[in-house]
Participant: 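Below is the structure I would like to discuss, written out as structure tokens.
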Protein chains: 2
Amino acid sequence: MNLRDLRYLLAVTEHEHFGRAAKASGVSQPTLSVQIRKLEDQLGVILFERSSKQAAPTAACLQVIDHARDAVAATEALLASAQSLRDPLAGRFRIGIIPTLAPYLLPLIFAPLREALPALEPEPWEDQTDALLERLRSHQLDAALLATEVDGPDLVSRALFDEPFLAALPPDHPLAARATVAEADLSQDILVLSDGHCLRDQAMEACGQTAALGGALRASSLPTLMNMVAAGYGTTLIPGLAAGAAQDAGLTLRPLEGRPGRTIRIAWRAHFPRRIAVEAIGDVIAERLSSFARGAAAGAV
Amino acid sequence: MNLRDLRYLLAVTEHEHFGRAAKASGVSQPTLSVQIRKLEDQLGVILFERSSKQAAPTAACLQVIDHARDAVAATEALLASAQSLRDPLAGRFRIGIIPTLAPYLLPLIFAPLREALPALEPEPWEDQTDALLERLRSHQLDAALLATEVDGPDLVSRALFDEPFLAALPPDHPLAARATVAEADLSQDILVLSDGHCLRDQAMEACGQTAALGGALRASSLPTLMNMVAAGYGTTLIPGLAAGAAQDAGLTLRPLEGRPGRTIRIAWRAHFPRRIAVEAIGDVIAERLSSFARGAAAGAV
DNA sequence: CACCTTGATAGGCAACGCCTATGATGCGAG
DNA sequence: CTCGCATCATAGGCGTTGCCTATCAAGGTG
């Protein structure tokens with residue numbers, strides 16, 4: 001059975017006339033006769049009572065036609081639904097973002113995203129790198145903004161911008177007197193985030209593996225960490241985009257010698273079909289952050 | 001777009017795997033690949049994210065698939081509905097019956113009909129001949145039991161049995177003394193039915209056109225007519241099947257000389273597709289009434 | 001590095017749907 | 001009563017489509 005046949009059935013039922021139904025369906029009358037006849041054979045039921053005047057739907061036809069209408073309506077709804085999904089730059093887009101980036105990046109890119117991709121409905125999802133990768137691989141996310149390279153061959157990524165690290169100090173800390181700070185100097189009393197944050201690993205790598213082992217306090221979030229530094233418990237290393245928040249928290253910031261930092265990347269599944277949307281989002285973020293990267297580089301000199 | 005494609009879509013979505021979906025659909029994997037690809041082109045939407053491991057439905061696919069399910073379900077409902085309508089001897093059968101026949105015939109044929117055609121659901125409709133013919137022509141009836149020939153070429157009929165007329169008299173009527181009655185004798189004080197009843201015309205024809213002109217009383221139904229006769233207002237002519245009811249009403253019945261009567265026919269549209277059901281019903285009625293016809297003939301001797 | 005699995009592609013074949021032309025039937029007007 | 005005009009059905013030819021098998025390309029795994 002074919003949807004075309006059901007449309008023919010609806011047409012003949014509506015017109016009660018093969019010729020007019022054929023014209024309305026855009027086919028010839030014999031075509032309609034043959035197809036309706038086939039349908040009748042398949043169903044084992046006479047659908048129309050033919051006479052030289054008209055083709056009257058039988059009771060069986062009237063009982064069957066509601067289902068035909070349902071089927072045709074469903075396929076038309078399907079088509080309409082597909083129509084609205086055609087634009088890869090439109091619709092829901094679930095994007096994961098790591099916690100040390102989300103609160104500082106999202107406010108910067110919301111407006112540009114809305115302007116560049118007005119039909120896109122980004123749904124941010126904040127979690128740590130491993131969780132994001134798992135959700136990405138299980139199709140629960142469309143893309144993710146990370147500060148690390150992605151492994152496996154099933155995922156690919158593209159660098160969007162470099163985010164320098166800054167030394168964050170209590171205002172009365174000895175290092176606050178310097179214009180720039182060496183990473184090694186921080187390692188003495190550096191505080192880091194709790195397990196799972198990529199920033200924790202990056203900070204420890206930048207300042208030497210043994211750093212922070214003495215610190216029993218491990219903040220579960222960047223704001224917490226900044227408050228702990230402000231309270232004088234030690235120093236830390238913060239990503240550049242959090243500079244404003246750090247200053248609001250009363251921290252003193254200093255560029256790091258050698259300008260260490262992390263690269264923010266957008267990652268997606270290699271076979272993800274809306275790659276166009278991924279690239280477009282990447283473009284918007286890279287464009288928006290290009291001035292930031294330059295400014296940070298300038299400030300570090 | 002084709003229903004087959006929608007089934008393929010459902011299969012791949014269910015299995016998330018082209019090979020297994022192909023096997024489940026009873027086609028080869030390339031067939032499925034090509035058809036799904038075509039569907040994607042038609043819809044302008046990527047439905048599956050292919051990898052070497054699996055074919056994961058995209059968000060667009062998941063949004064579209066409900067409609068596909070609806071369409072497939074509707075066509076299956078259609079098929080099931082048609083299945084149940086396949087037997088022309090099953091289901092509703094709207095049969096018109098004239099009022100001077102219905103109350104006396106129906107009790108006789110209900111049981112035989114039920115036995116011979118257990119799946120048939122007869123729906124009797126009682127009305128006068130003209131109304132029945134109109135409803136028959138407008139497809140509001142499937143067949144009609146009449147006492148007249150049908151005109152036009154769009155209707156056909158088949159005789160089922162002959163129903164003799166009987167003279168119905170008040171017990172104290174002079175004619176009640178005779179064993180048989182001549183029609184001409186009745187015309188003096190015959191009472192007839194109101195306009196529209198074919199029995200009225202037949203009675204008047206049997207007894208001469210001018211008969212009953214003097215009678216201002218024209219009963220609207222046969223029971224009324226019989227009661228009027230019983231009350232002594234005159235005589236009448238009743239169809240044989242009503243004999244029992246007439247006797248119950250206290251009338252004296254006498255055979256008519258020359259054994260006039262009417263032929264009960266079943267009529268239907270020439271193109272009516274359930275002719276088999278019509279014939280089957282006709283067979284049952286003719287069979288049931290064959291003994292009656294013989295008995296009536298015997299009684300008239 | 002070979003092998004296995006995945007989905008995609010190519011070529012050939014049969015079936016199907018469509019067309020035009022024609023037939024059969026019924027109805028109405030002259 | 002017959003001719004003409006409707007109706008729907010049938011026949012033959014043609015192009016498209018869907019399907020198959022065989023093969024390819026890519027990824028992952030021993």
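These numbers come from a predicted model, not from an experiment. Every chain is numbered from 1, with letters handed out A, B, ... down the list of sequences.
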Participant: Measure from the side chain of A/Pro153, starting at C-beta and using heavy atoms only, and say which of C/dC18, D/dG28, D/dC8 lies closest.
Facilitator: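 Nearest to the side chain of A/Pro153 among the choices is D/dG28.
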Participant: Can you check the A/Glu16 CD to D/dC8 C1' distance for me, whole Å?
Facilitator: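 From A/Glu16 CD to D/dC8 C1': 15 Å.
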Participant: Using whole Å, report how far NZ of A/Lys53 lies from C1' of D/dA6.
Facilitator: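 After rounding, the reported distance stands at 12 Å.
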Participant: For residues A/Gln35 and A/Thr31, is any side-chain donor paired with an opposing acceptor at under 3.5 Å?
Facilitator: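 No, no side-chain donor-acceptor contact under 3.5 Å.
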Participant: Taking the nucleotide of DNA chain D with the closest heavy atom to each, which residue, B/Ser52 or B/Lys38, is nearer the 5' end?
Facilitator: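 Going by which nucleotide is closer to the 5' end, it is B/Lys38.
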Participant: If you only use heavy atoms from C-beta on, which nucleotide in C/dG7, C/dC19, C/dT6 is closest to the side chain of A/Ser28?
Facilitator: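 Shortest atom-to-atom distance from the side chain points to C/dC19.
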Participant: Take the protein atom CG of B/Asp5 and the nucleotide atom P of D/dG18, then report the distance between them rounded to whole Å.
Facilitator: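 Going from CG in B/Asp5 over to P in D/dG18 covers 7 Å.
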Participant: Report the nucleotide, chosen from D/dT10, C/dC18, C/dT6, that has the shortest atom-to-atom distance to any side-chain atom of A/Val27.
Facilitator: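 So the side chain of A/Val27 is nearest to C/dC18.
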Participant: Between B/Arg135 and B/Asp127, does any side-chain N to carboxylate O distance fall below 4.0 Å?
Facilitator: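 So B/Arg135 does not pair with B/Asp127 through a salt bridge.
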Participant: If you measure only the distance, is there a donor-acceptor pair under 3.5 Å linking the side chains of B/Arg262 and B/Thr100?
Facilitator: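 Yes, side-chain donor-acceptor contact under 3.5 Å.
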Participant: Applying the side-chain contact (heavy atoms from CB on, under 4.5 Å) test to A/Arg269, which of A/Leu141, A/Leu136, A/Asp154, A/Val150 qualifies?
Facilitator: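 When side-chain contact (heavy atoms from CB on, under 4.5 Å) is applied between A/Arg269 and each of A/Leu141, A/Leu136, A/Asp154, A/Val150, only A/Leu136 qualifies.
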Participant: Send over the distance from B/Leu155 CG to C/dC27 P, rounded to a whole Å.
Facilitator: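 That distance rounds to 10 Å.
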Participant: Want to settle it: does B/Gln35 or A/Phe18 sit nearer the 5' end of DNA chain D, counting the closest nucleotide to each?
Facilitator: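 Mapping each residue to its closest nucleotide by heavy atoms, the 5'-most match is A/Phe18.
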Participant: For C/dC18 and A/Arg4 - does any side-chain N or O of the residue sit under 4.0 Å from the phosphate oxygens OP1/OP2?
Facilitator: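 For C/dC18, OP1 or OP2 has a side-chain N or O of A/Arg4 closer than 4.0 Å.
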Participant: Base, sugar-phosphate alone, or nothing: which one does B/Pro30 contact when heavy atoms must sit under 4.0 Å apart?
Facilitator: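 Base contact.
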Participant: Of all the choices, D/dC8, C/dT6, C/dG7, which nucleotide is nearest to the side chain of B/Gln29 once you look at every atom?
Facilitator: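 Output: C/dG7.
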Participant: Under 4.0 Å, heavy atoms only, any strand: does A/Tyr8 hit a base, just the sugar-phosphate, or nothing?
Facilitator: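 If one applies the 4.0 Å heavy-atom cut-off, A/Tyr8 turns out to touch the sugar-phosphate alone, with no base involved.
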Participant: Can you tell me how far P of D/dA6 sits from CZ of A/Arg20, to the nearest Å?
Facilitator: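 Computing the A/Arg20:CZ to D/dA6:P distance gives 12 Å.
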